[in-house]
Each structure stands twice: as structure tokens, then as C-alpha cells.
Amino acid sequence: MIWILTNSSNTKNEDSPEYKALKNLYRARQYFGFCFYARGMSFVDMSYLRKDCIRSGFIRYVRKKTGQQMEIKVTPELQAIINSFSSEVQGSPYVFPIIKDNGKPPYKQYETGLRLQNYHLKKLTALAGIRKTISTHWARHSWASIGKKENLSIRVISECLGHTSEKTTLIYLDSLDNSLLDAANEKVISAVSRSPVHALPSGRP
């Protein structure tokens, strides 16, 4: 998408509708990627993220929903996304150009940004041939689901997402694949067959 923005003859004019449309899609992709790489950061927290929250290689912020203090290491992926917006936020206290000093209430600007983000995500998913409706919440859900598939414990996933309860985390997780359940069953059966301690009774009277 960067190549298209910089090399396509139809998009070299930054005032053209084509360029603006592609830039909006690229921006939506970057926002989604940041939320995902930042351990499933919610869009509202990303929108309000200030530059002074990033120090010594860490992002430190307070979740809007729960008031919980979060600390996330700045990975190369996160830094690259932050850098990609640097020219758009010069003179702004915010990391991303969602909330601006234009006299409008910050929360109203966030709500507008959220609507636009979800609109552009729908455009991106259509271009990618994805038939599901993708929203900002998917970055959070995806991080949790992948974490589970990588055998992270519910406690760790819960803390990474900033949940106050592990019950909340469970709603972000897909149900276990049958293949994983079958594999678990095979492990139990194998343990029984290997160890006489676990041997089952023969069933004879």
C-alpha cells in the first residue's frame, strides 16, 4: 500500500480523491496494527495516547475503561508505526492524529475517529476478500485468541489485555478447536497406558 501511495500515477497528487482514499486505508491499517502489537490496546486508549506516555522504550498509560495502569515495551513494529505518523502530529501532544487542537471536545473527536476507523476497516476487509465484519475490537480479540493458541495462560492473557477479571478475558477467546481437545484426550490416554499408577480397573468383578 505504501508503494501505491508513492508510485501510482493516479495517487501522486495528494489532493486527488484516489490518494486521499488510499491514505485513509493505510492509516486504518496502521491504527489496527498498533492496537494489535500493543497487546490489544483499545482504540480509545490509542486515540488518547500522548507522547509523554512513551519513555525509555516503554508505553505507560492508564486504561480509560478500568483505570488500570499499563506498561508495554515498544517493539520495532510499534516504533515503526509511531514513526509513520510523526509528520502528522508535529506540535501535537498526541501520538496519533485522531484528537487535534481544533476547539472540538476530545471525546467527540475520538467518536468520529472510531466511526471512520470502522468504516475504513470494512473497506480493507472487502479488498482482502474477507467476508466477516471487522471492527476495532478485532485487534484485541485477535491478540487474545492467538495468545491462547500459543498456549499462554488465561492469567497472562488477562493481565496483558488489562482485564480486571479472567472472566472478561474468556469472552475474547474462541472455543477450543476439536483437534486440541482430541490431542488432550490422547495425552491422558497415553499417560494411563504408560503408568501402572494410572491404570484403570479391568472391569472384571
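All residue numbers in this chain count up from 1 along the given sequence.
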Q: Tell me whether the count of non-hydrogen atoms from other residues, nucleotides or ligands lying under 6.0 Å of CD in E150 goes above 12.
A: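 Atom CD in E150 is not packed in, count stays at 12 or less.
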Q: Report, as yes or no, whether the 6.0 Å neighbourhood of atom CG on D101 holds more than 12 heavy atoms from other residues, nucleotides or ligands.
A: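 It does not: D101 CG has 12 such atoms or fewer within range.
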Q: Looking only at heavy atoms, what is the nearest atom pair of S165 and S158, with distance?
A: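 For S165 and S158, the tightest heavy-atom pair comes out as O-OG, 3.7 Å.
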Q: Would you compute the distance between atom CD of Q69 and atom OH of Y61 and round it to the nearest 0.5 angstrom?
A: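 The CD atom of Q69 sits 9.5 Å away from the OH atom of Y61.
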Q: Just checking, any donor-acceptor pair under 3.5 angstrom between side chains of Q30 and S84?
A: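 There is such a pair (donor and acceptor under 3.5 Å, judged by atom type) between the side chains of Q30 and S84.
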Q: Take I98 and M46 through the side-chain contact (heavy atoms from CB on, under 4.5 Å) test and state the conclusion after the steps.
A: CA-CA 9 Å; I98 298 171; M46 188 202 75; 3.4 Å; yes
Q: Between Q117 and F32, does a side-chain contact (heavy atoms from CB on, under 4.5 Å) hold up when you go through it step by step?
A: CA-CA 9 Å; Q117 176 69 355; F32 189 91; 4.1 Å; yes
Q: In the structure I gave you, are the side-chain heavy atoms of N102 and Q109 within less than 4.5 Å of one another anywhere?
A: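 N102 vs Q109: side chains touch.
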Q: Side-chain contact, heavy-atom cut-off 4.5 Å: I72 with M41?
A: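 I72 vs M41: side chains touch.
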Q: Hey, could you give me the NE2/CD1 distance between H141 and I134, rounded to the nearest 0.5 Å?
A: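 H141 atom NE2 to I134 atom CD1 measures 11.0 Å (nearest 0.5 Å).
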Q: Flag the pair W138 / L121 as yes when at least one side-chain heavy-atom distance between them is below 4.5 Å, and no otherwise.
A: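 A side-chain contact under 4.5 Å is absent here.
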Q: By the definition ring-ring contact (aromatic ring centres under 6.0 Å, His included), identify the one residue from Y26, F34, F96 that meets it with F85.
A: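 Only match with F85 under ring-ring contact (aromatic ring centres under 6.0 Å, His included): F96.
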Q: When clusters are formed by joining ILVMFWY residues with side-chain heavy atoms under 4.5 Å apart, either directly or through shared neighbours, do I81 and L116 land in the same one?
A: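 Cluster IDs for I81 and L116 differ.
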Q: Do I82 and I54 touch side chain to side chain, with heavy atoms closer than 4.5 Å?
A: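 Yes - at least one pair of side-chain heavy atoms lies under 4.5 Å apart.
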Q: With heavy-atom distances below 4.5 Å as the criterion, would you say the side chains of Q79 and N83 are in contact?
A: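 Counting from C-beta outward, Q79 and N83 do come under 4.5 Å.
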Q: So do V156 and E159 actually touch side chain to side chain, heavy atoms under 4.5 Å?
A: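 No. Closest side-chain heavy atoms not under 4.5 Å.
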Q: Let me confirm one number: the CZ-OG1 distance from R115 to T112, rounded to the nearest 0.5 Å.
A: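 Reported to 0.5 Å precision, the distance equals 4.5 Å.
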Q: Can you see which heavy atom on K73 is nearest to which on L78, and at what distance?
A: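 Scanning both residues completely, I find the closest heavy atoms to be O-CD1, 3.6 Å.
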Q: Side chains of K122 and Y119, heavy atoms from C-beta outward: is any pair under 4.5 Å?
A: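 When only atoms from C-beta onward are counted, Y119 and K122 do not touch, as no gap falls below 4.5 Å.
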Q: Tell me, yes or no, whether the heavy-atom count around Y94 atom OH, taken from other residues, nucleotides or ligands under 6.0 Å, exceeds 12.
A: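 For Y94, atom OH is crowded (more than 12 foreign heavy atoms under 6.0 Å).
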Q: Could you please spell out the steps behind the side-chain contact (heavy atoms from CB on, under 4.5 Å) verdict for L49 and I59?
A: CA-CA 9 Å; L49 191 65; I59 299 171; 3.8 Å; yes
Q: Nearest 0.5 Å, please: how far is CZ in R140 from CG in L161?
A: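 Reported value, rounded in 0.5 Å steps: 4.5 Å.
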Q: Salt bridge between R63 and D45, side-chain N to carboxylate O under 4.0 Å?
A: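 Here R63 pairs with D45 in a salt bridge, since their nearest N and O are under 4.0 Å apart.
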Q: Between R39 and E71, is there a donor-acceptor pair closer than 3.5 Å when you use the side chain of the first and the backbone of the second?
A: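 Yes.
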Q: Does the ring center of Y110 lie less than 6.0 Å from the ring center of Y107?
A: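 Yes, close enough.
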Q: What's the verdict on side-chain contact (heavy atoms from CB on, under 4.5 Å) for K51 and V89, showing C-alpha distance, side-chain angles and the deciding distance?
A: CA-CA 10 Å; K51 294 175 183 177; V89 293; 3.9 Å; yes
Q: Is M70 reachable from L152 through a run of I, L, V, M, F, W or Y residues, each pair having side-chain heavy atoms under 4.5 Å apart?
A: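 Linked, L152 and M70 end up in one cluster.
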Q: Within a 6.0 Å radius of atom CZ on F58, are there more than 12 heavy atoms belonging to other residues, nucleotides or ligands?
A: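 Yes.
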Q: To the nearest 0.5 Å, what is the distance between NZ (K104) and CD1 (I99)?
A: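 Spacing of NZ (K104) from CD1 (I99) equals 13.0 Å.
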Q: Could you tell me which non-hydrogen atom of H120 sits nearest to which non-hydrogen atom of A28, and how far apart they are?
A: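 Looking at all heavy atoms of both residues, the shortest contact is CB-CB, 3.6 Å.
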